[in-house]
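Data first, discussion second: the structure below is written as structure tokens.
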Amino acid sequence: MGYSDPAIDFNTPEGANRYRHSTSHVLAQAVKRLYPGVKLGIGPAIENGFYYDFEFAEPISADELPRIEEEMKQIIKERLPIERHEMSREEALAFFRERGETYKLELINDLPDDAVISFYTQGEFTDLCAGPHLEHTGQIKAFKLTGLAGAYWRGSEKNPMLQRIYGTSFPSEEQLQEYLAKLEEAKKRDHRKLGRELDLFSLQEAGPGFPFLHNNGMIIWQELIDFWRQEHRRAGYEEIKTPLILNRELWEHSGHWDHYRENMYFTTIDGQNYAIKPMNCPGAMLVYRSRMHSYRDLPRRIAELGQVHRHEPSGTLHGLTRVRSFTQDDAHIFMCPGQEEAEVAGVIALIDRFYRQFGFAYRVELSTRPEKAMGSVEQWEHATAILEKVLQDKGIPYQINPGDGAFYGPKIDFHLTDSLGRSWQCGTIQLDFQMPEKFDLTYIGEDGQKHRPVMIHRVIYGSLERFLAMVIEHYGGAFPAWLAPVQAVVIPITERHHAYGQEVYHTLQEASLRAELDDRNEKVGYKIREAQLRKIPYMLVVGDREQEAKLVAVRHRDAGDQGSSPLSGFIAALEEEIKLKK
RNA sequence: GCCGACGUAGCUCAACGGUAGAGCAGCUGAUUUGUAAUCAGCAGGUUGGGGGUUCGAGUCCCUUCGUCGGCUCCA
């Protein structure tokens, strides 16, 4: 099985991985040549590229990447054959010990006893590697080093931090350029850029991680909430609002003090200790507990748009997607044992309904028991089995994310992808047997005795801030009419059309449409250009012809000039478009 | 929090250690315009903050805050 033409195989994931994995070896070889004392970490292929981790004697800077690229080109020019061979464990250890490759030694020591220890050699460079690889280095046609970053050895903050060089490679220069151009294009959709350009929100030095929403952003926010309320009423939810600040005792009681303290903000009122809520659940528990429940009341689905504050490490903050204060579209479902499956299934259906509305593709994960968890292993297994069963019954593909559950229960997570391909958790469904216990929640069963309810914590949007970011990037700022901050702008051609423009504008306003009148002293082309840049869906040009016949000349953001129509007809069509959330 | 980079006008970006500039946006005036930029003028800054080196710092050094790319973490 030859591999003389990498372009043929590149279209399969295996082929692309092999190609890029070999590129990462070329990178390591180049670095070894340029920085003799360097120690090697690992260097796998990843989605869209590869990386290699190094420990340099002196940290290098990004300016040095071009120099490394030059050396890589040299290695490619040398067309070094890439050859596989095996060593015994002892030989392998001796090989790396001699070369001072302490990280490689660690890797070998962690290999299972019966593992085949294989190596790949190209020229003077040999690396521990399972392969497979290309036949020779000359097969790499186009590559680029794309970044330099710190990364903990084996992903643990307890380990030393290595320097990771990222890169990508393709079988042709055209494909590489195409990929880089696509990345540039994607950057234009970045919600942080669009947020400023479209005046949706801002991030200020006065409050790192605490976003400011502007009027345009608030309009989208409110539409998201209106849609949410409507759907939740239909799905049988109630809505509550609980305080942002509650006393410390409550958080000690709920387990947050033990399990979540380092993420919480605290304050003092009249000498008493309070915490700013990082989660909404305790508030919902108190509401549940404020009266008696019969099994006939259950399931009780109690929703809350709750603003939470969490102290996230400064280095993790990111636009609207990772903040320190956000609004969860939370709900807590209290139910009798046995109702779990139906309720979890109901929430999954609701999440699907929402994401479908926006056309989001999503990925599902099942997160299991973390190290720091409340409750017995049996309870966790029981809860996890329920979640797993629902996913399987529904035929939903999912990955297991071990140890990533909440401290009170396992969860199903729903991930969306941003414009640069980064994945963000939005929806989540968490099954909780702990909190009802902690708060001694009860209901009266058919038998007249007290019983313990089970609880689900769930969010659909996840955080409204994060979801808003996803919405911005998904539409690239060109929002559908139901979300658009301004739905139509009236553009009179000259001053002589201002009165009619006013009339049109007022009629739109009275129909509760979000309209603007652009009566500035500018040419039509100028006003249209500006409206296009603001991504306003409809532009209504009015001049002599329109004024005379009570028409509007409709221009659509994407479809262009639509010709003239009676104002009433335009309004009816727009109202329909909004109602259908097209 | 950790590693690296970057902070110059509202925005995008210039300025060999030697008087901080441009385009767009803004304001004023002229122009009354038919589907992506009319013309002219004006104004706009303790170069993120603080310290230091130097005759002299946007530029070099230290420190701090913020942002960006990752790592860890997470809605």
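Here the structure is a predicted model, which is why all the values come from computation and not from measurement. The figures here come from the full heavy-atom set of this structure, side chains too, leaving out hydrogens, waters and symmetry mates. All chains are named by letter (A, B, ...) in the order of the sequence lines, taking the proteins before the strands, and each is independently numbered beginning at 1.
Figure legend: Arg164(A) and Tyr51(A) shown as a cation-pi pair, the cationic atom lying under 6.0 angstrom from the six-membered ring centre and within 45 degrees of its axis. Tyr526(A) does not carry Arg520(A) over the face of its six-membered ring by the limits of under 6.0 Å from the centre and within 45° of the normal.
The listed nucleotides are rA75(B), rG1(B), rU35(B); the one nearest the side chain of Arg324(A) is rG1(B). Between rC71(B), rC11(B), rA36(B), one nucleotide has an atom nearer to the side chain of Arg529(A) than all others, and that is rA36(B). Picking from rG66(B), rA75(B), rG1(B) the nucleotide with the shortest atom distance to the side chain of Thr316(A) gives rG1(B). Among the nucleotides rG70(B), rC74(B), rA25(B), the one closest to any side-chain atom of Arg322(A) is rC74(B). With distances taken from any side-chain atom of Arg164(A) to the nucleotides rA75(B), rU38(B), rC71(B), the minimum falls on rC71(B). Relative to the side chain of Glu546(A), the nucleotides rG69(B), rG34(B), rC74(B) differ in distance, and rG34(B) lies closest. Side-chain atoms of Val541(A) lie closest to rU35(B) of the nucleotides rU35(B), rC3(B), rU67(B). Of the candidates rG34(B), rA36(B), rC71(B), the closest approach to any side-chain atom of Val524(A) belongs to rG34(B). Comparing atom distances between the Asp544(A) side chain and each of rG34(B), rG1(B), rU67(B) picks out rG34(B) as nearest. Closest to the side chain of Met161(A), from the set rU32(B), rC2(B), rA75(B), is rC2(B).
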Stepwise ring pair (Phe, Tyr, Trp, His ring centres under 6.0 Å) test for Phe358(A) and Phe467(A)
CA-CA 11 Å; Phe358(A) 296 92; Phe467(A) 199 83; 5.2 Å; yes
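Rounded to a whole angstrom, the distance from the P atom of rG69(B) to that of rG10(B) is 23 Å. Comparing the P positions of rC60(B) and rC16(B) gives a spacing of 11 Å, expressed to the nearest Å. Of the C1' atoms belonging to rG70(B) and rU64(B), the separation is 23 Å, rounded to the nearest Å.
Regarding contacts with the backbone of rU12(B), a side-chain N or O of Arg196(A) is found under 4.0 angstrom from either OP1 or OP2. Side-chain nitrogen and oxygen atoms of His318(A) include none within less than 4.0 Å of the OP1 or OP2 phosphate oxygen of rG70(B). Under 4.0 angstrom from either OP1 or OP2 of rA75(B) there lies no side-chain N or O belonging to Gln328(A). Side-chain nitrogen and oxygen atoms of Arg422(A) include none within less than 4.0 Å of the OP1 or OP2 phosphate oxygen of rC71(B).
No donor-acceptor distance shorter than 3.5 angstrom exists from the side chain of His311(A) to the backbone of Tyr265(A), with no hydrogens or angles considered.
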